[in-house]
Amino acid sequence: MRVTRSGIAAARICGACALLFLFILHHSSFIDGSAAAAEYPSRPIRLVVLIAPGGGPDVGARVIQPPLSERLGQTIVVENRAGANGNIAGEFVARSVPDGYTLLFGADSLVAINPHIYSNMAFDPVKDLTPVATTIITQLILSVHPSLPVRNFREFLAFARKTGPPLHYASGGNGSQHHLSTEMLKRRAGINLVHVPYKSGSPAVAAAIVGDVPVVMAGSSSGPLVKAGKLRAIASTGSERLKLFPDVPTIGEFFPGYQVNNWLGIWAPAGTPEPVVARLHAEINRVLALPEVGERIRSVGGAEPWITTREDFAAAIRRDYEKYGKVVKEIGARID
């Protein structure tokens with residue numbers, strides 16, 4: 001078969017076109033992402049909260065909403081989608097178009113606990129959501145009813161070891177951080193406590209206030225109740241003492257390595273363009289650094305703005321996923 005010069009030239013042109021096509025195909029996501037970031041945001045953003053109005057994540061979202069909206073130059077609409085410990089809101093965002101216009105204001109429990117306790121989750125929060133930025137960090141307070149004859153954590157441990165029948169403790173439900181953190185304490189301290197689950201943290205604290213249950217692992221927002229003498233704080237679960245109660249020790253001071261922090265963050269659907277995620281992360285961190293925002297977050301009681309890199313955010317998810325997974329396996333907590 002005779003090959004002409006024109007045929008060779010045509011083949012070379014076709015080869016070059018093929019290479020150009022592959023180059024464009026390979027880099028199209030980058031090109032599209034850069035274009036999206038340059039225009040983003042061009043319309044209102046929906047910030048989905050996994051709890052009903054008035055809860056901790058809802059309050060946090062509404063503190064951040066106005067200054068973030070101002071920095072992005074677009075309206076941010078807070079939308080509450082409560083239910084199934086955050087799974088409803090999480091799935092909704094995970095199934096949304098990954099363009100940065102639907103975000104999740106969620107809690108650590110969604111990605112670090114729920115995958116271990118729910119046998120049939122409709123989505124994978126670790127794979128189907130992209131971490132954007134941390135926002136708020138806090139801790140729990142081990143509290144007792146004032147009638148319990150203990151004044152501090154050391155006395156509580158001694159009393160729990162000798163009393164019979166065992167003390168009961170209230171939690172915000174099976175698999176909640178209140179539940180898992182207390183079970184972690186039981187194992188480290190060698191004490192026996194009987195779990196009494198409630199539907200959420202609020203009724204659990206209410207039960208402890210009236211004395212129905214003598215012990216509760218309460219959220220730091222219960223600080224005013226401690227100040228009023230309705231509960232007695234004997235220890236906190238974080239890595240540092242609460243600024244609200246500097247005289248109350250951390251459990252880690254007695255049992256090194258024990259640490260439970262509750263934190264909130266913002267996620268986007270997996271596949272959201274990298275430049276959009278980077279822009280959101282940077283603007284959220286700038287908002288959290290504003291003195292007035294920090295003051296409003298701290299006014300909730302024991303909460304602090306939590307500014308991290310995206311790498312640190314991902315590391316926190318991995319760390320807590322492993323930590324809670326181990327506890328859930330040990331105690332056999334499940335929600336079907």
Side-chain angles (χ1 to χ4, degrees), residues 54-56 59 109 136-255 258-262 297-304 327 331:
V59 173
S109 56
I136 297 172
I137 192 167
T138 184
Q139 54 183 295
L140 301 172
I141 305 175
L142 180 62
S143 304
V144 299
H145 188 269
S147 65
L148 202 68
V150 299
R151 304 298 303 181
N152 54 52
F153 186 58
R154 197 179 299 277
E155 290 181 3
F156 170 77
L157 294 177
F159 186 79
R161 286 174 180 139
K162 71 179 182 181
T163 191
L167 291 171
H168 288 60
Y169 77 92
S171 87
N174 286 319
S176 66
Q177 282 163 311
H178 314 80
H179 176 206
L180 300 184
S181 60
T182 309
E183 291 298 322
M184 290 166 61
L185 171 62
K186 286 170 56 177
R187 281 155 176 72
R188 289 297 303 273
I191 58 177
N192 187 20
L193 302 171
V194 178
H195 182 214
V196 182
Y198 287 80
K199 289 185 177 180
S200 66
S202 295
V205 170
I209 290 174
V210 299
D212 288 345
V213 183
V215 182
V216 62
M217 191 70 86
S220 60
S221 59
S222 64
L225 298 172
V226 174
K227 293 280 190 181
K230 295 182 178 181
L231 290 173
R232 179 179 298 139
I234 57 175
S236 62
T237 64
S239 57
E240 299 178 353
R241 294 190 180 195
L242 279 166
K243 294 179 181 178
L244 194 63
F245 300 110
D247 295 332
V248 175
T250 67
I251 294 175
E253 291 175 38
F254 294 81
F255 303 104
Y258 181 101
Q259 177 185 340
V260 175
N261 284 106
N262 302 21
I297 290 174
R298 294 183 186 96
S299 70
V300 176
E304 292 285 337
V327 179
I331 67 177

Is it true that a side-chain atom of [X] and a backbone atom of [Y] form a donor plus acceptor pair closer than 3.5 Å?
X	Y	answer
N262	Q139	no
R232	V144	no
E155	R151	yes
T163	P166	no
K186	L193	yes
S181	H178	yes
S220	T138	no

What distance do [X] atom [atom1] and [Y] atom [atom2] have between them, rounded to the nearest 0.5 Å?
X	Y	atom1	atom2	answer
M217	M184	CE	CE	9.0 Å
L157	R188	CG	CZ	12.0 Å
F156	I191	CZ	CD1	4.5 Å
L167	H145	CG	NE2	13.5 Å

Margin query: Under the criterion side-chain contact (heavy atoms from CB on, under 4.5 Å), I'd like the reasoning laid out for I209 against L231: C-alpha separation, chi angles, the key distance, then a yes or no.
Written below: CA-CA 6 Å; I209 290 174; L231 290 173; 4.1 Å; yes
I want to check something: taking the side chain as every heavy atom from C-beta on, are [X] and [Y] in contact at a cut-off of under 4.5 Å?
X	Y	value
V327	L180	yes
F245	K227	yes
R241	P246	no
I331	R187	yes
E304	K243	yes
V216	L142	no
Y198	S171	no

Least distance between heavy atoms, [X] atom then [Y] atom:
X	Y	result
P146	G229	CG-O, 3.3 Å
G219	L140	CA-CD2, 3.9 Å
A170	A204	CB-O, 3.7 Å
P203	K199	CG-N, 4.3 Å

Next item on the list: Applying side-chain contact (heavy atoms from CB on, under 4.5 Å), run through S222 and I141 and close with a yes or a no.
Entry: CA-CA 8 Å; S222 64; I141 305 175; 4.3 Å; yes
Checklist line | Trace of the side-chain contact (heavy atoms from CB on, under 4.5 Å) decision for I234 with V248 | finding: CA-CA 6 Å; I234 57 175; V248 175; 5.9 Å; no
Margin query: Could you walk me through whether I251 and V260 satisfy the side-chain contact (heavy atoms from CB on, under 4.5 Å) test, starting with their C-alpha distance in whole Å, then the side-chain angles of each, then the deciding distance to 0.1 Å, before giving a yes or no?
Written below: CA-CA 9 Å; I251 294 175; V260 175; over 6 Å; no
Margin query: Which label fits H195 and Y169: parallel for a plane angle under 30°, tilted from 30 to 60°, or perpendicular past 60°?
Written below: parallel
Note to self: Can you confirm whether E240 is buried at CD, in the sense that more than 12 heavy atoms of other residues, nucleotides or ligands lie under 6.0 Å from that atom?
What the structure shows: no
Margin query: Under a 3.5 Å threshold, yes or no: a donor from one side chain and an acceptor from the other, between S236 and T250?
Written below: no
Item checked: Listed partners of R161 passing side chain to side chain donor-acceptor pair (under 3.5 Å), at least two apart -> none
